[in-house]
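Structure record follows, encoded as structure tokens.
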Amino acid sequence: VNRWRKQSDVPPTSKESDALSLDLKSRGFKFVGSTIVYAHMQATAAQRPYFFDHIPALLDQCMAEYGELTGRNYSRVEAYRCADAEYLILGMGSMCVQAEAVADWLRDTRKVKVGVVNLTCFRPFPGDLLGQILKGKKGVAVLERTDQPLSEDLPLMREVRATVGK
């Protein structure tokens, strides 16, 4: 599959595109023939190795250049006192400043080893980096800013669960 030697070998449809096309038509969509659906599926999959897979490295490079220019260093994931932490507070953005103060207070007054993870990048989700930080921790409190009523999980929580499940 997807290893055709010449253009004429590429099929115009697949079982999956046939099924998806029929389903969409049954829901009232009009311009969703199997060939159109298949072309979309192929184009989406083809983008990964030629575009999407390069974004994390490009983002790391841009953040490094920004740090050199401004003296303010960023990374896709920032970890505060996480190396020896048993528990983590995970969030995004300005709330992490207060979370760091909470982690310090819990360490000083309650002797609980708490660290803070600040995700500075949501897409592409830095599951590779986050997985290394979460490994071996007893618990993680995910502080989510988004509210999606009637949703099973919120976006950040969904991504963290997927990372832990790998």
Side-chain angles (χ1 to χ4, degrees), residues 1-3 14-17 19-20 23-24 37-38 40-166:
V1 174
N2 294 342
R3 300 235 187 256
S14 69
K15 292 183 299 184
E16 293 82 5
S17 67
L20 184 55
D23 181 66
L24 290 170
V37 171
Y38 187 66
H40 173 73
M41 291 164 56
Q42 288 293 330
T44 300
Q47 291 175 16
R48 287 190 182 357
Y50 300 106
F51 180 70
F52 295 131
D53 290 350
H54 302 289
I55 292 177
L58 291 170
L59 189 53
D60 290 340
Q61 178 184 344
C62 289
M63 287 179 165
E65 289 175 14
Y66 183 82
E68 290 174 17
L69 291 171
T70 66
R72 294 180 302 214
N73 296 306
Y74 295 97
S75 61
R76 292 181 287 143
V77 177
E78 295 178 2
Y80 177 78
R81 299 186 80 172
C82 291
D84 69 335
E86 295 176 343
Y87 301 95
L88 298 175
I89 301 170
L90 189 148
M92 295 181 74
S94 61
M95 58 79 48
C96 289
V97 174
Q98 288 79 15
E100 290 174 5
V102 169
D104 290 340
W105 184 83
L106 288 169
R107 282 176 176 262
D108 293 342
T109 62
R110 303 285 174 92
K111 307 303 180 212
V112 180
K113 293 181 180 179
V114 177
V116 177
V117 179
N118 180 9
L119 294 179
T120 57
C121 172
F122 189 73
R123 289 283 181 257
F125 193 80
D128 55 332
L129 302 174
L130 184 59
Q132 295 170 8
I133 296 170
L134 296 179
K135 189 174 184 177
K137 305 304 182 202
K138 291 182 179 179
V140 180
V142 178
L143 302 182
E144 179 82 59
R145 291 175 169 233
T146 304
D147 182 22
Q148 293 181 336
L150 306 176
S151 176
E152 288 290 329
D153 259 338
L154 299 175
L156 182 56
M157 190 66 210
R158 194 169 32 248
E159 295 291 344
V160 171
R161 283 184 201 273
T163 298
V164 171
K166 289 183 181 178

For this session: Report the C-alpha distance between Val102 and Trp105 in whole Å, list the side-chain angles of each, state the deciding distance to 0.1 Å, and finish with yes or no for side chain to side chain contact (heavy atoms under 4.5 Å, CB included).
Result: CA-CA 5 Å; Val102 169; Trp105 184 83; 5.6 Å; no
For this session: May I have all residue pairs that pass side chain to side chain donor-acceptor pair (under 3.5 Å) and include part of residues 65-77, sequence neighbours excluded?
Result: Asp60-Arg76, Gln61-Glu65, Tyr66-Arg72
Problem set entry | His54, NE2 atom: more than 12 neighbouring heavy atoms under 6.0 Å | yes
For this session: Report the residues that fulfil side chain to side chain contact (heavy atoms under 4.5 Å, CB included) with Cys96, sequence neighbours left out, ordered by chain and then residue number.
Result: Val116, Asn118
Exercise. What are the two closest non-hydrogen atoms of Pro56 and Pro124, and how far apart are they?
Worked result: CG-CG, 3.9 Å
Exercise. What salt bridge (charged side-chain N to carboxylate O under 4.0 Å, His left out) pairs are there with at least one residue in residues 114-127, not counting sequence neighbours?
Worked result: Arg123-Glu159
Problem set entry | Side chains of Ile89 and Val117 in contact at under 4.5 Å (non-hydrogen atoms) | no
Problem set entry | Results of side-chain hydrogen bond (donor to acceptor under 3.5 Å, both in side chains) for Ser17 - residues two or more places apart only | Ser14, Ser34
For this session: Answer whether the closest heavy-atom distance between the side chains of Leu156 and Leu143 falls below 4.5 Å.
Result: no
Exercise. Quick one: salt bridge (charged side-chain N to carboxylate O under 4.0 Å, His left out) pairs with a partner in residues 91-105, sequence neighbours left out?
Worked result: Arg81-Asp104
Problem set entry | ring-ring contact (aromatic ring centres under 6.0 Å, His included) partners of residues 142-166, not counting sequence neighbours, each pair once | none
Exercise. Who are the side chain to side chain contact (heavy atoms under 4.5 Å, CB included) partners of Val97, not counting sequence neighbours?
Worked result: none
For this session: Give the minimum heavy-atom separation between Met92 and Met95, together with the two atoms involved.
Result: O-CG, 3.4 Å
For this session: Mind jotting down which residue pairs meet the side chain to side chain donor-acceptor pair (under 3.5 Å) criterion with at least one end in residues 106-117? Sequence neighbours excluded, please.
Result: Asp84-Arg107
Problem set entry | Approximate separation, where rounding is to 0.5 Å, of Leu130 CG and Leu90 CG | 5.5 Å
Exercise. Heavy atoms, side chains only, cut-off 4.5 Å: are Thr120 and Val77 in contact?
Worked result: no
Exercise. Would you say the side chain of Val112 lies within less than 4.5 Å of the side chain of Glu86, judging by non-hydrogen atoms?
Worked result: no
Problem set entry | Which residues share a ring-ring contact (aromatic ring centres under 6.0 Å, His included) with Tyr80, sequence neighbours left out | none
Exercise. With a 4.5 Å heavy-atom cut-off, do Leu134 and Val140 have their side chains touching?
Worked result: yes
For this session: Write out all pairs satisfying side chain to side chain donor-acceptor pair (under 3.5 Å) with one or both partners inside residues 128-147, taking only residues at least two apart or from two chains.
Result: Ser94-Arg145
Problem set entry | Shortest non-hydrogen contact from Pro126 toward Cys121 | CD-O, 3.2 Å
Problem set entry | ring-ring contact (aromatic ring centres under 6.0 Å, His included) against Phe122, all qualifying residues, sequence neighbours excluded | Phe125
Exercise. Among pairs that include at least one residue of residues 149-158, which meet side chain to side chain donor-acceptor pair (under 3.5 Å), considering only residues two or more places apart or in two chains?
Worked result: Asp153-Arg161
For this session: Kindly indicate whether the side chain of Leu88, heavy atoms from C-beta on, has any atom under 4.5 Å from the side chain of Val114.
Result: no
Problem set entry | From CG (Leu58) to CE (Met63), nearest 0.5 Å | 12.0 Å
Exercise. In Å, rounded to the nearest 0.5 Å, how long is the span from CG of Leu129 to CD of Glu78?
Worked result: 11.5 Å
